[in-house]
Structures are given as C-alpha cells and as structure tokens.
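Below is one structure, written out as structure tokens; the observations come after it.
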Amino acid sequence: MSHISQNTDSQVKTISFVMIITLIGKLLGLYRDRLLAVTYGTGMFANAFSTASRIPRVFFDVLFASAIAASFIPVYSEYQKKKGQEEAQRFAGNFITVIGFLTLILSAAGILFADQMVTLFAPDYDAETASLCASLTRIVFPTAFFTGIAYSFVGILQASGEFNVPALISAVSNVIIIVYYLFLNDRFGVYGLAAAFLLGWAMQVFFQIPSLKKKGFSYKPSLSFRNEGIRKVLKLMIPVMVSTWVQPIVLMINSRYASGLHGGSGVTIIDYSTNLYLTIAGVFVLSVTNVIFPKLSQLSASGDEQGIAETVRTSTHSSLFFIIPMMLGMMALSYPLIDLIYGGGEFGADDTALTAKAMFFTSLGMVGYALQNILCRVYYARQDGKTPLIAGAVSLAADIVFCELLVGPMGVSGLGLASALSSTIYALALIIPLQRSGSRFVTKKFCADMLKTAVCACIMAVAVYGLAGLLEGILPGIAGKLAVLFLPAAAGVIIFFAAAALLRLEEVEYIRGFIRKFLKRG
C-alpha cells in the first residue's frame, strides 16, 4: 500500500483503543446532556446552568489551555530528549505549581465577579435567570483549578506514552454527574447539580495519580517563573494562547447572540447541538490528535522533518476518510439523532426541531474542525504559535461577520452555519503555509482521494435520508426512534464502504488487513 505504510500499525492500534475509551466518555456525556434536557428542558434552570458551566471553561481555554495542551508537551518532550527524565520531572513539577497558582487566582476572580461575567456572556437574560446563573457560576468556577491540574497530568502521561487513562477522565466526571441526576437531583436541585459538576472535575485529578506513580513521576512543588522551561512555555504560550481563543470566543459570541433568541432558550439550543456535534466529531478527531501530538513533538525535538511530513499526510488522509461520511451522515440524520438523545420530558417537539436544524448547519464545519485540530498540533509541535495565531484571528473575524449576516434571517441555525464557516476558514488558513513548507500534504492524489470519498459519502447520505423517511412512524416510542436512527446508519456504513471499495480507496484495504489480523489472532 503506497499511502499508508505498515509501520502505522502500532499507531492505529493505539488510536483505536483511545477511540473506544473516548467513545465511552462521550456516550456518557450525551446521556448526561439528555438528563439535563429531560429534567430542565430549555427553561430558566437549563439556561442558567448551561451558561454557568460554560463561563469557567471559556476563561480557562482562553488563558491556560494553550499552555498545557500546546506548549507543555513539546517542552517536556524536549527536556526528556536533551536533559533526561530527572530534569523533565523537575520542570513538570514547577509547571504544575505555576498552573495551580494561576488557576486559583482565576477561580477567585470568577467567584468575585460572577455577576459581571453573566452580563458578558448572556446580556439578554431576565433578572431572575441572571441572578441564578451568577450563583451557579460561583459554585462551578473552581473547576478551572482542577482542570488546570488534570490537564497537566494528561500532558505528562501522554508524553510518557500513556493514552488510555487520560482518555478515561471525562467518563469519570460524567459518571458522577449522571449519578447525581438519577439519585439526588430531586432533593438538591440545580444547586446540587453545580456541586456535582465541580466534584466530577476534581475527580479527574485524583483518578490520574496512580498512573503517574506507575510511570515513576514524583511531584516536587516549585513556584518559579524564571525556570528555563517555564520561560520557554510562556514564550510559546502567548501566540498559541491567542490562536486557541477562537473556539472559546466563538462560544461566547454564540452565547451572546443566542441569549436574545427564543426568549433566551437559544443558549440551550445551540449548547445542545454544539455538544452533540463535538461529541461525535471529537471521538475520532481528539483520539487522533491526542496520539499524534506527542509523536510530532518528539519528531520535532529530533529534527525529523520527514517524519513530521509523513505523520501529517497519513493522519489527515485517514481522518478525512472517516470525517467526510460522518459529517454527511449527521446532516442526514440530524432530526432523529436529536430526537433520540434529547427528546422527551421537558424537551418538546419544537425544541427538537430547532436543535436539529442548528446541528445540521453546525455539522458543515466538521472537516474544518478536524483539519484545524490536526494541523494546529503540527505548528505547536514545531513551537510555532504565530501561524495558528494569524489563522485564528482570520477565523474569528469571519465568525463575527457571519453571525451578523446570518442570525437575522436564520436565527439559531445561523449561529451553527457561522461556526461551520469560520472553522473551514481556519483550516484553509493553516493549510496554505504547510503547502509552502516541507510538510506539504495536499497533492493531486490527495485531492482525487478526497473527491472519491465525498462521492461515496454523498451516495450514502442520500440513501440514509431516504431510508430514515421510509421508517418514520412505523414503530411507536423508543423502538421507533432507535429504528429510524440506527437502521439507516448501519445501511449507510455498508453503502459507504462498498462504494469506497469500488473506487479503490486505500483505507478500505488497510481496514480489511487490520480485520484479517484481528480475526487471525482471535
């Protein structure tokens, strides 16, 4: 096989295991969101909690996510390669202490200025909803501290070759929140839900400690901003930090626009649709990026440009083979998917229709979302934050323009389309510089393969949409919902892979070989 070499077997196996674990966490997250939907619908409690839980996440992503996700692993890998494990651990201990100190300050500021933050994120809330949202924000804001420590632990484990435990941490927090919904929500209400949310994020920290000990990591606290590694992280962090503002700022922009739609319910509608979209896309995309990023960082530290280029080519080509049909499949099944996940209880038919339309348009950005996540890791591994910074600024400007143009005529669906278009622009702005460098991956063969993939996916989507329409209303209740969603989805998978095999796409042959090896070992 010319494009996907046999030496990717180990990487594919690792990604496959991580994908399964990530899928478990994402499915639990979907069930958690469903419990929120059927318990609180799109009313005041749901809107207040959705905004309150988003505020600390946005501020953390804006200020610190880049330092951990994009800056820490390359520097830590460089320490391991050039200075040895002992110096790497000393640097990591200092980094964890610095992040903990700064996120504590952020948490305190969030608690003190909760009212102002609610006004920033949801200016059109009525007084009662705004007051409830501020109270919930004060409870959940310390999640910023636990997230900082948990992400630091994730970086150490991933750089040490451990991917399964980091992939499980979202499952841990989701289980805690689900248990609260099922057994305690009737007694403690939405305030108890906020406390369970905080506890879930705290457990992400403690869950990783045994694995860190197995890897030989010993935390030695040191609060020094003059450490060489910390200075390097800060230098890399500033442009990377600004470039990673795009997603959280887009969330904030969407929240501001959505708070004025459908009596404030637009916030919950766009939140449900975005969460489901990111859940489905994230299972694959984040599994790939979490595995290849440490590898890219190690290749960069060794100066292996050829290895970087090969990793970029194989990861983007293989990712889009799955992402393109996934995107069109989600669009074709947007209504039955939303109906199954969220429909029922306080979440009525109108809520389902509006959320499905929003997700339909949001899904158009899935290819851009996948590419931007993969390609950003290439730049971060090279310790280049400037290029993603410029691309992110272009994308953010585009999102604001599209929101102004589309929200008026399209409502909450316009927010989904604006996000999709800005993600696509972000990806294009990252591709162009790579095409001019040694990591060029968009070739005539690449474009031909993507065209073939798109043709197969379009055939699949038409069949899936038609079959879903035929099955609508045949069976009552949950059985009918399951049939309308899963039977067309299963047929779509068969149709897509059959069409891909006819067009001789290389991933099909690789998957066949992988299955044969698996069955032989079994």
Side-chain angles (χ1 to χ4, degrees), residues 16 19-20 22-35 37-38 272-273 275-285 320-345 347-364 366-367 416 452-503 505 507-508 511-512 514-515 518-519:
S16 300
M19 195 179 302
I20 292 169
T22 304
L23 177 62
I24 293 170
K26 295 294 185 182
L27 290 175
L28 288 170
L30 285 180
Y31 184 55
R32 176 202 67 200
D33 289 345
R34 172 175 170 76
L35 290 173
V38 299
Y272 286 150
S273 64
N275 285 348
L276 183 54
Y277 159 76
L278 292 177
T279 294
I280 296 172
V283 168
F284 187 83
V285 174
L320 293 184
F321 175 79
F322 293 99
I323 289 295
I324 292 174
M326 196 183 298
M327 176 184 75
L328 293 176
M330 282 181 63
M331 294 172 70
L333 296 172
S334 59
Y335 187 89
L337 184 59
I338 292 294
D339 191 30
L340 177 66
I341 300 298
Y342 299 124
F347 199 84
D350 290 340
D351 298 325
T352 300
L354 286 169
T355 307
K357 284 182 67 178
M359 196 188 75
F360 177 91
F361 288 102
T362 303
S363 299
L364 284 167
M366 191 176 289
V367 169
K452 290 179 183 178
T453 302
V455 169
C456 297
C458 287
I459 294 170
M460 174 211 74
V462 171
V464 164
Y465 184 77
L467 182 56
L470 290 174
L471 293 171
E472 183 69 36
I474 289 180
L475 295 174
I478 189 66
K481 292 183 179 183
L482 289 169
V484 171
L485 180 63
F486 287 106
L487 291 180
V493 171
I494 295 170
I495 291 168
F496 173 75
F497 279 101
L502 288 174
L503 294 179
L505 285 165
E507 280 80 0
V508 176
I511 292 168
R512 284 175 177 166
F514 190 75
I515 292 173
F518 180 80
L519 293 175

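Nothing here was measured: the structure is a model prediction, and the numbers come from that model.
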Quiz item: In Å and rounded to the nearest 0.5 Å, what is the CG to CG distance from Leu475 to Leu471?
Solution: 8.0 Å

Quiz item: Looking only at heavy atoms, which two atoms of Ala483 and Pro488 are closest? And how far apart?
Solution: O-CD, 3.2 Å

Quiz item: What closest approach, in Å, do Gly416 and Thr362 show between heavy atoms, and which atom pair accounts for it?
Solution: CA-OG1, 3.1 Å

Self-check item: Parallel, tilted or perpendicular, as decided by the 30° and 60° cut-offs, for the rings of Tyr342 and Phe347
Solution: tilted

Quiz item: Does any non-hydrogen side-chain atom of Ile341 lie less than 4.5 Å from one of Asp33?
Solution: no

Practice problem: Working to the nearest 0.5 Å, report the span between CG of Asp350 and OG1 of Thr355. | Solution: 10.5 Å

Quiz item: How close do Leu333 and Leu485 get, heavy atom to heavy atom, and via which atoms?
Solution: CD1-O, 3.9 Å

Quiz item: What distance separates Met330 CE from Met366 CE, expressed to the nearest 0.5 Å?
Solution: 4.0 Å

Quiz prompt | Whether Arg34 side chain and Gly29 backbone form a donor-acceptor pair below 3.5 Å | solution = no

Quiz item: In Å, rounded to the nearest 0.5 Å, how long is the span from CG of Leu340 to OH of Tyr335?
Solution: 12.0 Å

Self-check item: Closest heavy-atom pair and its distance - Thr352, Gly343
Solution: OG1-CA, 4.2 Å

Quiz item: So, for Ile338 and Met359, which heavy atoms are closest and what is the spacing to 0.1 Å?
Solution: CD1-SD, 4.0 Å

Quiz prompt | From Ile459 atom CD1 to Ile495 atom CD1, the distance as rounded to the nearest 0.5 Å | solution = 9.0 Å

Exercise. Indicate yes or no: at least one non-hydrogen side-chain atom of Cys456 is less than 4.5 angstrom from one of Met460.
Key: no

Self-check item: Under the side-chain contact (heavy atoms from CB on, under 4.5 Å) test, residues paired with Leu27 that sit two or more places apart
Solution: Leu23, Leu30

Quiz item: Is there any salt bridge (Lys or Arg N to Asp or Glu O under 4.0 Å) pair reaching into residues 472-500, and which pairs are they, with sequence neighbours excluded?
Solution: Asp339-Lys481

Quiz prompt | Residues in side-chain hydrogen bond (donor to acceptor under 3.5 Å, both in side chains) contact with Arg32, at least two apart in sequence or another chain | solution = Asn174

Quiz item: Measuring from Ile323:CD1 to Thr453:OG1, what's the distance to the nearest 0.5 Å?
Solution: 12.0 Å

Quiz prompt | Aromatic centroids of Phe321 and Phe496 separated by under 6.0 Å | solution = yes

Quiz item: Where is the tightest heavy-atom contact between Leu320 and Pro325, given as atom of each residue plus distance?
Solution: O-CD, 4.1 Å

